2 protein chains.
Amino acid sequence: MPTKNTLTDFIQPTLTGPSARLVASLSMAIHENKLLPGTKLGEDELGDIFKVSRTVVRTALQELSHAELVELKRNRGAFVSQPTVREAREVFEARALLEPRTARSAAERMTEEAAARLEAHIAAEHAAIEAGEAGKALRLSGHFHIEISRIADQTTIAGFIERLVARSSLIIALYWKRQSALCEKHAHHALVDALRRGDGADAEELMKSHLLDILTALDLREVVQPPIDLKDILRPAP
Amino acid sequence: MPTKNTLTDFIQPTLTGPSARLVASLSMAIHENKLLPGTKLGEDELGDIFKVSRTVVRTALQELSHAELVELKRNRGAFVSQPTVREAREVFEARALLEPRTARSAAERMTEEAAARLEAHIAAEHAAIEAGEAGKALRLSGHFHIEISRIADQTTIAGFIERLVARSSLIIALYWKRQSALCEKHAHHALVDALRRGDGADAEELMKSHLLDILTALDLREVVQPPIDLKDILRPAP
DNA sequence: GGGTCTAAGATTGTATACAATACTGTGCGC
DNA sequence: GCGCACAGTATTGTATACAATCTTAGACCC
């Protein structure tokens with residue numbers, strides 16, 4: 001089953017044990033835009049749901065806060081992150097800096113097995129869209145980028161890209177234009193083609209324009225700035 | 001006091017409160033090569049030293065593990081990370097990808113105040129060397145790179161660079177050639193000059209060659225591979 | 001009605017206690 | 001002497017209890 005996406009696909013195994021399950025579930029929910037930015041994640045609440053103590057909930061939330069999927073506010077709790085317009089731009093600038101070059105490296109290190117995996121991945125994306133599972137499709141399309149970075153065999157950079165893709169899910173949840181359709185199928189197909197041909201220059205170009213496409217499908221006018229909690233600003237310095 | 005480097009200089013304020021102090025202290029010690037790679041960081045031990053409970057020690061260690069300064073091994077404890085030769089190469093490849101471009105951006109956003117801060121920083125480095133405080137000099141020279149990335153005003157990328165610089169300290173602790181002297185003064189001075197002139201192209205070039213200089217001062221032959229704990233490999237899958 | 005203060009409730013932060021797992025050294029068999 | 005098994009010790013993982021802080025609702029005053 002090459003396309004089976006288990007819960008652990010989105011987390012680096014820095015922590016094993018009970019908290020990993022929590023991290024994975026929450027991660028997945030956020031990637032699929034089921035948990036929307038701003039949602040409060042209460043410790044007792046999560047503990048009840050997952051039948052674990054607050055200790056492990058806390059561990060999981062801390063983990064997620066380092067992935068910048070969750071924001072911890074002292075004495076106030078954990079909330080699904082709400083990237084600002086500025087942060088959204090930064091994330092895509094960083095992706096534009098890292099991913100095209102990484103795609104080029106991937107093209108040079110491509111194997112038949114990797115190509116097959118990517119194609120299976122695209123098929124899964126397609127299937128999710130057909131089935132009307134938009135959230136799952138979104139998550140898979142992000143994961144496609146992660147797979148490419150893994151082929152490039154640069155763990156460190158792949159880790160950065162993973163973080164950026166994760167935040168991109170939140171950004172899309174907040175700023176995606178209603179009218180623009182998520183039609184990444186062609187872009188992803190073209191990328192796999194270039195990779196399979198070992199054409200690094202082409203892959204680099206394709207990735208660059210693909211990222212630009214995503215960015216232009218976002219509505220990053222300052223107007224839609226997510227709500228700001230005045231208490232965060234007016235609070236006296238600690 | 002523009003050059004005052006408080007404890008909190010190296011940590012992102014994701015967590016405040018008691019654990020932040022611990023994170024800062026340990027961070028600093030690692031950056032100064034006082035805590036060497038492989039050192040075990042026992043929870044009780046740290047709790048006794050800092051007069052806090054194991055709960056906050058654990059929080060701090062988890063924080064450090066996400067910065068990849070510390071490695072958590074389940075049921076075995078926390079250890080100062082020992083980057084492998086491969087990881088060392090990756091870190092510098094990532095830095096080569098991010099920092100030159102960032103230096104260019106910094107040149108474009110340079111202010112007089114920022115230039116003064118950088119120069120004061122170099123002076124502090126110099127003073128540390130004069131005083132024979134090699135560890136402090138090492139930490140400051142790493143922090144110089146972080147300062148530049150902050151001037152570029154790209155928080156996300158600056159965060160990545162911060163992580164990379166942190167790991168570089170460990171890499172230097174493990175792989176620095178005895179014979180090659182740490183003479184970054186000229187390179188840093190030249191960089192500040194280029195930045196002050198707003199010469200982005202020059203800054204980019206200087207940063208590129210500066211990073212290459214550091215890399216070539218490392219002894220990354222596979223021979224010096226740090227010790228490996230066989231138990232990590234032979235342990236049956238969980 | 002609007003605003004401020006206060007007190008109760010809810011939620012998070014920290015410490016401690018107990019459980020689970022890994023490490024260490026001793027004794028036994030060979 | 002060498003290797004292995006086992007028990008005791010030490011250390012980490014998890015749950016729970018208590019303290020500190022924030023949030024909310026309502027009374028009271030203007």
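Quantities reported herein were computed from a predicted structural model and do not represent experimental measurements. Chain letters run A, B, ... following the sequence lines, proteins first, then strands; residues in each count from 1.
Of all the heavy atoms in B:Ile30 and B:Ser169, the pair that sits closest is O-CB, 4.3 Å.
Residue A:Ser53 places at least one side-chain N or O closer than 4.0 Å to OP1 or OP2 of D:dA15.
As a whole-Å value, the separation of A:Gln62 CD from C:dT12 P is 15 Å. Between B:Leu72 atom CG and C:dA22 atom P there is a gap of 16 Å when expressed in whole angstrom units. Going from atom NZ of B:Lys51 over to atom C1' of C:dT14 covers 17 Å, rounded to whole Å.
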Report, one line per pair, each donor and acceptor closer than 3.5 Å where one atom sits in a side chain of residues 44-52 of chain B; sequence neighbours left out.
from    : atom 1 : to      : atom 2 : distance (Å)
B:Glu45 : OE1    : B:Gly42 : N      : 3.4
B:Lys51 : NZ     : B:Asp48 : O      : 3.4

Short N/O separations, protein against nucleotides 10-12 of chain D, under 3.5 angstrom:
from   : atom 1 : to      : atom 2 : distance (Å)
D:dT12 : OP2    : B:Glu43 : N      : 3.3

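No side-chain donor-acceptor contact under 3.5 Å links B:Glu125 and B:His143.
B:His188 and B:His145 have perpendicular rings, their planes meeting at more than 60° on a 0 to 90° scale where under 30° would count as parallel.
Under a 3.5 Å cut-off, the side chain of A:Arg89 and the backbone N or O of A:Leu220 do form a donor-acceptor pair.
Not counting sequence neighbours, B:Phe92 has no partner by the ring pair (Phe, Tyr, Trp, His ring centres under 6.0 Å) test.
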